[in-house]
Amino acid sequence: MAELHYDVAVVGLGAMGAATLYQLAKRGVNVVGVDRFAPPHDQGSSHGDTRITRQAVGEGDAYAPLVRRAQQIWRELEAETGAELFEQCGVLVMTSSKTATSHHGTADFTERTLSQARRYGIEHEQLNAEQIRTRFPQFAPVLDNATGYFEPGGGYVRPERCIDSQLRLAQQLGAAVLTGVTVSQLDSTADGVTLSADGQTLRAKQVIVCAGMWSAELLGAPFDALLRVCRQKLYWFELAQPSIFPVPSPTFILAHGPTDEDLCYGFPPLAGENCIKIATEHYATATTPAQLNRDVSAEECAQMFASQLVGKLAGVLPNAVKTAVCSYTVTPDFNFIIDQHPHHPAVTVVSACSGHGFKHSAAIGEALAQQVVDGRSELDLSAFSLARFPAAVKPLL
Ligand SMILES: Cc1cc2nc3c(=O)[nH]c(=O)nc-3n(C[C@H](O)[C@H](O)[C@H](O)COP(=O)(O)OP(=O)(O)OC[C@H]3O[C@@H](n4cnc5c(N)ncnc54)[C@H](O)[C@@H]3O)c2cc1C
């Protein structure tokens, strides 16, 4: 079979890969994207209708410029394709707890979000418990000491549509796309990388790996020691009182106890639906892509309702009308890894986004394409370097 030669190969076409492929194609790069499935699909980390976007990013200052640029790109893509990608319904971040809280490894997430919004001049309101209850009656059960952060510029994006739009545009701009093709090996050569992919050989001067939860199995050390795949569950619970979520209702994050699992986040009903999507986060156990349990049991639905909705949210029934399983690929400090592979200089690794990557993906794709074409990106990605894990990144002997 003939070998296929490209300047850049993007492995994995989910959130990060679709954005990267599109931005490279836009710059006229001879690029191929490869995916083991046919994105957008429901096998990785980018499905389930909606993803929260917020301009103040409590996970850290390095993210604020990324999300700002990503929101601009979603609007540019909407103008170009006509697809509705970004619903700016606002976001409400709340802490309602007698104890300290944690989210994405960050203590006191609401306070961190507020403080970043003040420093970056992001439009927002700080709310007390009474103001939360009056403005948003669905959160009437919040404790008297609750604090809230409302950001009108936040909301949600539609992940499947974002991926689809970027892949379509990339192909219109000349990118090659191979779906249903799994890359099983990357070998560095004098002039780039050889990719072994289901009996085909691809050669590229540079490879950008956006393989999500499959990253460690493709990349080996040190990623196998750094990345954990954590099973997450999404629930769509029926509404007893649809009127309690008037249009527009904000997306929300509610921290109500000390651990990352004492937290729920959710979305207002989509047009025509009488349910809200809600989830919590699980980090306690790790799994692998092959072993991932993709079913959500009735017991898990009941437990979700009891632990995250009863006494937290008003107007929701215990009936889960839909569920889905999705995965986080989590680093030890919950921050991203976007860096060169330490043993393969022509390979850049992107996809370890610890459960909060979608909102930034359009900007990350653009920054990576700028690095390829211009040798540097306008946005600074250095905070996501592997150097912060020196014990894991040992030279090969
Ligand atoms: C339940 C849940 C809720 C989330 N909520 C939010 C949120 O509200 N806001 C937010 O910003 N982020 C959120 N995130 C995080 C965000 O969705 C992810 O960070 C992001 O979607 C990850 O994108 P990715 O491109 O890294 O992975 P994926 O989208 O999974 O893409 C990886 C792709 O690589 C392909 N692939 C893998 N291995 C190979 C191979 N060897 N050869 C070829 N192809 C391969 C896969 O088929 C897949 O298409 C959430 C994640 C989950 C799971």
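For the numbers below, each heavy atom of this structure counts, side chains included, while hydrogens, waters and symmetry mates do not. Since we're looking at a predicted model, the values are computed, not measured.
When each of His124, Glu59, Gln71, Glu151 is tested with Arg54 by the rule side chain to side chain donor-acceptor pair (under 3.5 Å), just one qualifies, namely Glu59. Results of the ring pair (Phe, Tyr, Trp, His ring centres under 6.0 Å) test with Phe334 over Tyr283, Tyr328, Phe384, Phe109 single out Tyr283 as the only residue that passes.
For Arg231 and Glu281, the salt-bridge test fails: no basic side-chain N is under 4.0 Å from an acidic carboxylate O. Salt-bridge annotation for Arg161 and Asp49: absent, with no side-chain N of the basic residue lying under 4.0 Å from a carboxylate O of the acidic one. Using a cut-off of 4.0 Å between Lys/Arg side-chain N and Asp/Glu carboxylate O, Arg75 and Glu80 are scored as not salt-bridged.
Sparse packing is recorded around NZ of Lys205, with 12 or fewer heavy atoms of other residues, nucleotides or ligands lying under 6.0 Å away.
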Under the side chain to side chain contact (heavy atoms under 4.5 Å, CB included) rule, what do Glu238 and Asn274 come out as? Steps first, then yes or no, please. CA-CA 6 Å; Glu238 193 179 346; Asn274 184 35; 4.2 Å; yes
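No close placement of the Tyr265 and Tyr156 rings is indicated, their centers lying 6.0 Å or farther apart. Taking the six-membered ring for Trp, His341 and Phe223 have ring centres closer than 6.0 Å. Taking the centre of each ring, Phe252 and Phe139 come in below the 6.0 Å mark.
Between Tyr63 and Phe336, the ring-plane angle classifies as perpendicular under the 30° and 60° cut-offs.
Here the side chain of Arg133 pairs a donor or acceptor atom with the backbone of Val142 at under 3.5 angstrom. Remark: the backbone N or O of Ser327 is paired with a side-chain donor or acceptor of Ser45 at under 3.5 angstrom. Side-chain N or O atoms of Lys233 include none that pairs as donor or acceptor with a backbone N or O of Ala279 at under 3.5 Å. A side-chain donor-acceptor contact under 3.5 Å links His47 to the backbone of Val325.
Here the straight-line distance linking atom CH2 of Trp214 with atom CG of Leu227 works out to 14.0 Å at 0.5 Å rounding. For the atom pair CG of Leu77 and CG of Asp164, the computed distance is 11.5 Å after rounding to the nearest 0.5 Å.
For the residue pair Pro342 and Leu386, the shortest heavy atom distance occurs at CD-CD1, 3.6 Å. Here the closest non-hydrogen pair linking Cys162 and Val157 is SG-CB, 4.3 Å.
Using a 4.5 Å heavy-atom threshold, the side chains of Ser96 and Leu254 count as touching.
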